[in-house]
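Step one of this worksheet: look at the structure below.
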Amino acid sequence: MTADETIKGKADTPSPFFRLETIKKRADFKAANGGPRFSTPGFTMLRAPAAATDRLRFGFTVTKKLGKAVLRNRIRRRLKAAVQAMLKAESASLAGQPMDLVILARQAAADLPFETLSRDLGRATLTLAKRGSEAGKRG
RNA sequence: CCAGUCGGCCGGGCGACCGCGGCAUUUUAUGUCGAGGAAAGUCCGGGCUCCAUGGAGAGACGGUGGCGGCUAACGGCCGCCGAGGGCGACCUCAGGGAAAGUGCCACAGAAAACAAACCGCCGGGUUUUUUCCCGGUCAGGGUGAAAAGGUGCGGUAAGAGCGCACCGCGCCGCUGGCAACAGCGGUGGCAGGGCAAACCCCACCGGGAGCAAGACCGAAUAGGGAUGGCGCGUGCCGCAAGGCGCAGGGUUCUCCGCCCGAGGGUUUCGACCCGUGACCAUCCGGGUUGGUUGCUAGAGGCCGGGUGCGAGCCCGGUCCCAGAUGAAUGGUCGCCACGUUCCUGCGCAGGCAGGGGCCAUACAAAACCCGGCUUACAGGCCGACUGGAUUU
């Protein structure tokens, strides 16, 4: 079932938009601190008030409080993979929306089913995209 | 077959889809490589880098501590010796010095160290006896982790290395060994407790900091320096320091506000020199975010041969085997293997067969690189050896 769908997904020509771009600068992470946020069991997503680039970027924060290196790596990689799956599913609604989103991992991200994680990411991203643009109109 | 000791190794496999980071290219798509035995703890030892340093030595501080070897080096490893433990294979040991000095040795006990007599034993004195006093004694009792070597015989008033034999210990000699040390012989009646992971003494070793080392490039903003531009006029108050104005300069076009001053020397009266000031221009140096480099071919892996008891060493062949930096090496599945557990059937039993379950798979992820040590680890494999049982 799932395998069939993914095969179909591959048949579509992959747009460069699917490529996951990550935030790497400390300043960009700090910029998202005060912005709107959306929480789910697996993570908290923050949106920077202003995007630093004209692209959609994601930053991943996994604190040492969550566990040792092995567990932290697993959490970060699952979240990255889930974001990529989500981007594929929501590509239409997200096209051309520059945003900086920071994902703050929580403990449950290691054990939650992958589909739940991916679906929550989609909800969070779309919600924050709407909220951010409204704030932009007001300001 | 049971119980055990030691050593070595593995620590999921195959496939599908979607991805990530290096490096190559025929430059955007393909190829290729991409975590561990501990990558961990950061406890030692090296390489490398910068800093310090005239040479050498001493002191201080820190480390090491049987002997010999291996190694780039080590606190590591190998072999051997000694002591202790185990029936044994084997295991454990900071294993130099206690007649250089200082210190400590709780409780108990008479006494814990220029020794010491509580009970007891023996002798003498006293007393009718009990008792008391003096002396001898450490064999016995009692205390303790530890009490002036142990056992036996002699000896004695009772005893005691007081004498003797054996064992132990010290010293001397010989033999074996590179040595630690061992063996043998002689000799001494016995030296006078333990703790040196207490200070200490002796021998040996050590300059410090670390890849966030170090090198290079270098934004905005602020600050530093140099040169040039422009300015340094005047009134009132005040002894003075200074204050208040006017004019001028600067501050985005204007206004407000704010900031600015210090003159002196030479003169052919054109100016020049020195000083000073907010500001402007140009340049220079430092420097944060960031980027590049250091950055992976090495005391390297594998195979074969030689050599050594061994750690290892030598020779030949062959291979290139992670280089990330908010940090790649993954995510989601399928099948299999292994594990575990439940049910059913068979069997006296060890167990065997079939089926189902486990969000089923330990400990843990490079961060400059090596050699070690230590610690963590589901489960499994192999080899050598020891003790016992059974069978022939």
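Between Leu87(A) atom CG and C20(B) atom C1' there is a gap of 15 Å when expressed in whole angstrom units. Between the CZ atom of Arg78(A) and the C1' atom of U329(B) there is a distance of 18 Å, rounded to whole Å. Atom-to-atom, CZ of Phe58(A) to P of G19(B) comes out at 16 Å; the value is rounded to the nearest Å. We find that CZ of Phe114(A) is positioned 11 Å from C1' of G330(B), with the value rounded to whole Å. Rounding to whole angstrom units, CE of residue Met86(A) and P of U332(B) are separated by 16 Å. What separates NZ of Lys80(A) from P of A328(B) is a distance of 6 Å, to the nearest Å. One can place CD of Gln84(A) at 14 Å from P of G330(B), the figure rounded to the nearest angstrom. At whole-Å resolution of the value, CG in Asn73(A) and C1' in A322(B) are 15 Å apart.
When the C1' atom is compared between A322(B) and A35(B), the two are found 8 Å apart, to the nearest whole Å. The same atom, P, is picked in A39(B) and in A367(B); the two are 10 Å apart, to the nearest Å. A gap of 27 Å separates the P atoms of U340(B) and G7(B), to the nearest Å. Taking atom P on both nucleotides, G36(B) is separated from C321(B) by 14 Å, rounded to a whole Å. Here, C118(B) and C134(B) have their P atoms 11 Å apart, quoted to the whole Å. Annotation: C385(B) and C313(B) have their C1' atoms spaced 30 Å apart (nearest Å). Separating the P atom of C122(B) from that of G159(B) is a span of 9 Å, rounded to the nearest Å. Atom name C1', nucleotides A16(B) and U28(B): the rounded distance is 26 Å, in whole Å.
G19(B) is unpaired under the criterion used here, namely a Watson-Crick or G-U wobble arrangement in which both key atom distances are under 3.5 Å. As the counterpart of C61(B), G206(B) is assigned, both hydrogen-bonding distances of the Watson-Crick or G-U wobble pattern falling under 3.5 Å. Under the Watson-Crick or G-U wobble criterion, with both distances below 3.5 Å, U187(B) is paired with G170(B). A353(B) is paired with U344(B) under the criterion used here, namely a Watson-Crick or G-U wobble arrangement in which both key atom distances are under 3.5 Å. Applying the Watson-Crick and G-U wobble criteria (two distances, each under 3.5 Å), C67(B) pairs with G79(B). Shown here, G84(B) forms a base pair with C91(B); the pair counts as Watson-Crick or G-U wobble because both key distances fall under 3.5 Å. Figure legend. A110(B) is base-paired to no nucleotide; pairs are counted as Watson-Crick or G-U wobble with both atom distances under 3.5 Å. Pair assignment for G152(B): C164(B), on the basis of Watson-Crick or G-U wobble contacts that are both within less than 3.5 Å.
A glycosidic torsion no more than 90° from 0 defines the syn conformation, and C321(B) adopts it. An anti base is found at A327(B): its glycosidic angle is more than 90° from 0. Base orientation of G270(B): syn, the glycosidic angle falling within 90° of 0. Under the 90° criterion around 0 for the glycosidic angle, G66(B) counts as anti.
Inter-residue side-chain proximity for Gln107(A) and Leu71(A) is flagged as met; some heavy-atom pair is nearer than 4.5 Å.
Legend: salt bridge (Lys or Arg N to Asp or Glu O under 4.0 Å) pairs involving residues 72-87 of chain A, not counting sequence neighbours: none detected.
Not counting sequence neighbours, the partners of Ala81(A) by the side-chain contact (heavy atoms from CB on, under 4.5 Å) test are Phe114(A). Looking at residues two or more places apart in sequence or on another chain, you find a salt bridge (charged side-chain N to carboxylate O under 4.0 Å, His left out) between Arg57(A) and Asp28(A), Asp100(A). In terms of the side-chain contact (heavy atoms from CB on, under 4.5 Å) criterion, residue partners of Leu126(A) (sequence neighbours excluded) are, by chain and number, Glu90(A), Ser93(A), Leu94(A).
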Can you pull every protein N or O that's under 3.5 Å from an N or O on nucleotides 324-326 of chain B?
residue : atom : partner  : partner atom : Å
G326(B) : O2'  : Ile23(A) : O            : 2.5
G326(B) : O6   : Arg26(A) : NH1          : 3.3
G326(B) : N2   : Thr61(A) : OG1          : 2.5

Check: residues 35-42 of chain A side-chain donor-acceptor pairs under 3.5 Å, at least two apart:
residue  : atom : partner  : partner atom : Å
Ser39(A) : OG   : Thr44(A) : OG1          : 3.3
Thr40(A) : OG1  : Gly42(A) : N            : 3.4
Thr40(A) : OG1  : Phe43(A) : N            : 3.4
Thr40(A) : OG1  : Phe43(A) : O            : 3.3

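Summarising the geometry of Phe29(A) relative to Ile23(A), their closest heavy-atom pair is CE1-O, 3.4 Å, with the distance given to 0.1 Å.
Of the candidates A364(B), U332(B), G19(B), the closest approach to any side-chain atom of Lys68(A) belongs to A364(B). Among the nucleotides U332(B), A366(B), A364(B), the one closest to the side chain of Val70(A) is A364(B).
Applying the 4.0 Å criterion to OP1 and OP2 of U329(B), one finds that Arg77(A) has a side-chain N or O inside that range. Contact check, Arg72(A) against A365(B): no side-chain N or O comes under 4.0 Å of OP1 or OP2.
Partner of Leu121(A) under the side chain to side chain contact (heavy atoms under 4.5 Å, CB included) criterion, out of Leu87(A), Ile103(A), Thr116(A): Ile103(A) alone.
Val83(A) and Leu46(A) fall into different hydrophobic clusters, where Ile, Leu, Val, Met, Phe, Trp and Tyr side chains are chained together by heavy-atom contacts under 4.5 Å. With hydrophobic clusters built from ILVMFWY side chains whose heavy atoms lie under 4.5 angstrom apart, Leu66(A) shares a cluster with Met45(A).
Residue order along RNA chain B, read from the 5' end via each residue's closest nucleotide, puts Ala82(A) first among Ala82(A) and Asp111(A).
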